[in-house]
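What follows is one structure encoded as structure tokens, with my remarks underneath.
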Amino acid sequence: MTAPNKKSKHPAVGIDLGTTYSVIARLDELGRPQTLNNAEGDKITPSVLLFEDGNVVVGKEAAKAAATDADNVAECAKRDLGNQFYHRQIGGRRYPPESLQAWILNKLRVDATRQIGAFSKAVVTVPAYFDEVRRKATMDAGYIAGLEVMDIINEPTAAAVAFGFQQGYMNPDRPDDQRKKILVYDLGGGTFDVTVMEIGGRNFNALATDGDVMLGGKDWDQRLVDFVAEEFIRKFGLDPREEPNSHGRLWRDCEDAKRTLSARAKAQIACDFRGQALRVEVSRSQFHDMTKDLLDRTSFTTRQTLQAAGLEWPDIDRVLLCGGSSRMPAVVEMLRDLSGKEPDCSISPDEAVAHGAALHAGILLAHYDGVSPSFHVRNVNSHSLGVVAMDARTRRPRTAVLIPRNTPLPVVARRVFKTQRVGQKSILVQIVEGESASPDDCSQLGKCSVRDLPAELPAQTPIEVRFRYEENGRLTVTVKVEGTDKALKHEMSRENSLSSEELDSWRKYISGLDPIAPPPPANLSGEAIQLAAGAKAADDALDYAPESEGPPADPNAGTVKRRWV
Ligand code: AMP
């Protein structure tokens, strides 16, 4: 095995920041991933926070408090990333989801520091299907927690890297000619991802990815909670979900019963509320029936991803399971039936993602130290990226895609649009992410505008919009107006994300660390860049250009080869 971090003075740290549980790992002196225990001595830390007497407790004790002090407990904040605030108030306060995620990361950092000494550099994982806004919010959470997030990588990719390590793919003595295609099915507590990867020698290339950021073990729990609550209502006319603490207790017992049903044919769930008590028995087949539609959703997405990779089941060498919810026997059965192969459960569903992240951290640190990497990861983007343009035929806005989903990263793509009118004063570039032709159904990433165009600029003047999309999901947008010196370059700022002042004050508050000055945004011409709130409605949208090619602007970057539609 190689030891990618041997030379670095920094420990190679990887963090799986899960919806329900989080894990931190580092590479040991021999370059092997090792999970670090938290202060309670556990390998996994519940991603749960308890706000109590001005303190924030993260982990097991906070999870226990969900049954007694539910109003002061925050769970599943990962599902709210990208929104301005966590979905409910805690102790009368509204918190941005980034801050809640940061408290979890901060606990992992502080507890790990006790074992490996002070560190700040780390790789954090995100679901492959996370969009730009959620990726940025995750990086911001890392900053608030006092981390220097070297990179964010996709959870299924991290799991595949851990698998590759375990199988000896990173061993330099191993012949490079073996290509294996693996499908990673990752069902966690709050998110579902499926990714098809090709491992060729020491190269890990994602071929296609898809998923659902609102589907995970929590939804299976919810079905049991609802089932027991309905029984309770039928028997006593009372709903135990009405009161937060009894709801929290019921939830905890249902999650427990779900785990029992992975090992046994039946489970008992006790529920008491307002002096009434009920014991409900649930069989595994009953549980399967009440959650079949959820499993079907994952099956549908799995088939779609395989298709998007241009493959069929006989092409797949392994079906790799990860995420705690993949322990459910129904998942294994469904994948066995679908693929005709025995799913591979050889990696630890809880630890593999953090291990893969630590291996990736080792590679980055080695790279900083001038050591050539022992493996290379190439990802694809999970959502199409484009701009809003005016359709000349219908005069309605529509999405003009620059980078279609499942494009290998990094990539540079270019598309030429036209000004709409003679003497147009400004151009508004609205960046969107999603698969719909209607911009309203896509996620709005932000806006920038080119102002003060020369008077009498002819209609149909070409405007080149160029996207550079990095492997870590950072997007740089360049806009050039032909025949003028008007150009702007901007690394995207996202709507709904915290300002740098807010980030700094949260950082001081949560991690106790001082702010680090961020690099100023690159700006080609010194042109004022108006983002989001500043962009006026009077700016003209781009005219939709039906076709234009995107030649490579950077020899090291991939290019989108297809013709635009
Ligand atoms: P992860 O986000 O990968 O840590 O997965 C956490 C999810 O896995 C939670 O929803 C857990 O309830 C679920 N989980 C863990 N162990 C089991 C099990 N034995 N059977 C069913 N679900 C499980």
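Predicted model, so just to flag it, every value in this text is computed and none were measured. All ligand and atom numbering here is 1-based and tracks the order in the structure.
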Query raised in the report: Would a line drawn from the ring center of Tyr95 to the ring center of Phe51 be shorter than 6.0 Å?
Result: yes
**Report entry** Within 45° cone and under 6.0 Å: Arg223 NZ/CZ vs Phe287 ring
**Finding:** no
Query - Ion pair Asp80/Arg94, N-O distance below 4.0 Å - result: no
Report task. At a heavy-atom distance under 4.0 Å, which protein residues reach ligand 1? Sort them by chain and number, would you? Result -> Thr20, Tyr21, Gly188, Gly189, Gly217, Glu255, Lys258, Arg259, Ser262, Gly323, Gly324, Ser325, Arg327, Met328
Query raised in the report: Under a 4.5 Å cut-off applied to non-hydrogen side-chain atoms, are Met328 and Trp220 in contact?
Result: yes
Query raised in the report: Is the shortest heavy-atom distance from the side chain of Glu231 to the side chain of Cys271 under 4.5 Å?
Result: no
Requested in this report: Mind telling me whether Tyr129 and His383 have parallel, tilted or perpendicular rings, with 30° and 60° as the class edges?
Outcome: tilted
